[in-house]
Amino acid sequence: MTDKQLNKVRVRFAPSPTGHLHIGTARTALFNYIFIKSQNGKFILRIEDTDLERSDVKWEKEIIEGLKWLGIEWDEFYRQSERFNIYKKYLEKLLDEDKVYYCFCTKEEIEAQKQEQTSIGKPAMYSGKCRSLSKQKISENLKNGQPFTIRFKTPPDIKIVFQDLARKKIEFDSNLISDFIISKGLDNPLYNFVVVIDDYEMEISHIIRGEDHISNTPKQILLQEALGFPTPKYAHLPLILGEDRSKLSKRHGATAVYEYKKMGYLPEALTNFIAFLGWNPGTEREIYNINSLIKEFSLDKIQKGGAIFNIKRLNFLNSFYIRQKPLNKLTELCIPYLIDAQLIVPKSDEGQIIADWGHLPLEMLGYMAMETKEKLSFNYLKQIIGIYQERLRILSEIPELCDYFFKEKLEYDRGLLKWKDMSDSEIAEVLDKLENILSKISTENFNKENLEKILIAEAEAVGDRGKLLWPLRVALCGKKASAGPFEIAEILGKEKTLTRIIEAKRIAKK
Ligand code: GLU
C-alpha cells in the first residue's frame with residue numbers, strides 16, 4: 001500500500017442498478033456501513049452501471065431510496081458510466097505494456113474450444129488462441145472492422161493467495177483462470193477491470209462483499225498486480241440461505257427491500273435483522289440499533305457458513321420495534337395502510353378529499369370513514385392504533401385488525417356469538433342484559449376503567465366470565481380475536497356500542 005492509503009480506511013458499496021435492492025445487497029451495504037463507522041472512515045457509494053443495456057436509473061433510484069430508508073449514508077458518490085474515459089486510459093496502458101491482447105474469436109469458436117477442452121478432461125477455458133497473433137494480423141483484423149474483445153494475459157503457474165478477513169487464507173491456481181475478457185472492443189470495459197481501476201482510484205482499503213464474488217477476487221488481484229496497484233483487504237460475506245438451506249430466492253418469499261417496506265417492516269427491525277445474517281456478537285443479546293451495531297461490529301465475527309433467513313425472527317424484531325414506537329409516530333405509520341385499504345380517507349377542513357396526501361404531515365390532517373362518512377380525528381385513529389400496538393407484527397396487518405371501527409354494520413356468523421356450550425336463549429339473555437347495563441352508564445363514564453369495573457362484576461356473577469364478555473366482544477368487533485371489549489367499547493362510544501349490541505341480538509335470532 002502507498003503511505004496515502006495506509007492512513008485511510010475507505011470502503012465502497014458497489015451495486016449494479018439492474019434490479020430491485022435485494023436483501024443480500026442491502027446486507028453488503030450495511031456491513032460496509034457499520035464497519036466504516038466503527039473505523040471513522042469513508043463510505044463510497046458506487047453505482048456499477050457499465051452494462052448500459054441492463055442498467056436502469058429506476059433501479060438506481062430504488063437502491064438509493066432503500067439505503068436512505070435503512071439509514072445508510074455515504075460520503076462520496078460515483079457512477080461508473082461517467083468514468084469511461086478513465087477506464088480507457090488504463091486499457092491503453094495495458095495494451096501498450098502487452099499485458100492484455102486482442103481476441104477475435106467468435107462466440108461459436110470459443111464454444112467449440114471449450115467443448116474440445118472438456119473432451120480431453122481439461123476445465124472449459126478459453127484456449128489462448130489469439131495470445132500469439134502477429135502484430136500484422138491484428139492490424140489487418142482491426143482494419144477490416146472485425147469485432148474483438150480484450151483479454152488479460154493470465155500468468156501461468158502462479159498461486160494467488162489472499163487472507164480473507166472474514167475467513168482464512170484463500171488460494172487460487174492461475175492455471176485454472178482463463179485469459180478473461182476485460183473489455184468488449186475498446187469502449188465497453190467489463191466488471192473485473194473497472195472494479196480494479198475504481199477501487200484504486202477511489203483508494204479503497206477494504207472490500208466487503210458477498211461470497212459470490214470470491215472467484216472474481218484472484219482475477220482482480222492479477223489485474224492489480226499488472227497495473228502496479230496495491231491489493232486492498234478483502235472480506236467475503238456468507239451466502240444468505242432460506243430455511244431449507246438453499247440459496248435465498250423468490251421461492252422463499254420476498255427478497256427485495258421495498259417489499260419488506262411495503263409489508264410494514266420498520267427500517268430499525270430490518271437493519272437489526274440483516275446485521276445478524278452472517279454476523280453474531282457472540283452473546284445472547286438480540287436487539288441492536290445501528291449505533292450499538294457500530295460499537296460491537298468486527299469483521300472477525302463474521303461467520304463462514306451460510307446465514308439462514310428466518311422470517312420469525314424478523315417478525316419478532318418488528319413487533320419489538322413497533323412496541324417501542326411513540327404512539328403518534330406509529331399512528332402516522334399505520335394511516336397509509338388504512339387509506340390503501342379504503343377504510344379512511346384524508347379530508348380537508350372544508351370537507352374536500354385530499355388525494356395527494358403522500359407528502360403531508362398526517363398528524364395535522366382530518367379523516368373520514370369511507371363507508372359511514374363519519375369525520376375522524378387523528379387522535380381518534382391514535383386511540384385505535386393504541387389498542388393494537390402490543391399485538392401488531394407488521395404494519396400491513398392493521399386494516400384487518402381494526403376495520404370494524406370504520407364500518408356501518410358488521411357481518412359475522414351467529415355461531416360466533418356463542419361462548420363454549422351456551423344455548424341460544426342464554427345468548428339472547430346475555431345480550432339483553434348487556435344492553436340493559438350499558439344503557440345505564442352515562443356517556444361521561446363510558447370509559448374503559450368504568451366499563452371494566454361494572455362488567456367484570458356482572459361477569460363474575462354469571463359464573464363463567466366468558467359467557468358475558470365473549471358475546472360482548474364479538475358484538476362490538478365481529479371477530480374471533482381482537483383487542484379487549486372494554487377498550488373497544490370506550491373508543492366506539494356509548495351510542496355505537498349499544499347499536500352493535502342491538503344488531504347482535506338481531507344476528508343471534510337469524
Ligand atoms: N457490482 C457488483 C454487484 O452488484 C459488486 C461488485 C463488487 O462488490 O466488487 O454484484
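Every number for a ligand or one of its atoms is a count from 1 in the order of the listing.
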- Over 12 foreign heavy atoms within 6.0 Å of NZ, Lys122: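 Atom NZ in Lys122 is not crowded, with 12 or fewer foreign heavy atoms closer than 6.0 Å.
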- Query: salt bridge (Lys or Arg N to Asp or Glu O under 4.0 Å): which pairs involve residues 309-320, sequence neighbours left out?
  - Reply: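 Every salt bridge (Lys or Arg N to Asp or Glu O under 4.0 Å) pair that includes a residue of residues 309-320, provided the two are not neighbours, is Glu286-Arg313.
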- For residues 64-80, which residue pairs qualify under salt bridge (Lys or Arg N to Asp or Glu O under 4.0 Å), counting only residues two or more places apart or in two chains? Arg10-Glu76, Glu60-Arg79, Arg79-Glu82
Ligand 1: which protein N/O atoms lie under 3.5 Å from its N/O atoms?
| unit_1 | atom_1 | unit_2 | atom_2 | d |
| --- | --- | --- | --- | --- |
| ligand 1 | 1 (N) | Ala14 | O | 2.7 |
| ligand 1 | 1 (N) | Ser16 | OG | 2.9 |
| ligand 1 | 1 (N) | Glu48 | OE1 | 2.6 |
| ligand 1 | 4 (O) | Ser16 | N | 3.3 |
| ligand 1 | 4 (O) | Ser16 | OG | 3.2 |
| ligand 1 | 8 (O) | Arg12 | NH1 | 2.8 |
| ligand 1 | 9 (O) | Arg12 | NH2 | 2.9 |
| ligand 1 | 9 (O) | Tyr191 | OH | 2.7 |
| ligand 1 | 9 (O) | Arg209 | NH1 | 2.7 |
| ligand 1 | 10 (O) | His213 | NE2 | 2.9 |

- Message: Consider side-chain contact (heavy atoms from CB on, under 4.5 Å). Of Asp187, Leu186, Ile182, Asn188, which one does Lys184 pass it with?
- Response: Asn188
- Ring-face cation of Arg12 near Phe43 (centre distance under 6.0 Å, axis angle within 45°): no
- Message: By the side-chain hydrogen bond (donor to acceptor under 3.5 Å, both in side chains) test, which pairs, at least two apart or in different chains, include something from residues 263-277?
- Response: Tyr265-Asn315, Glu268-Lys325, Asn272-Tyr321
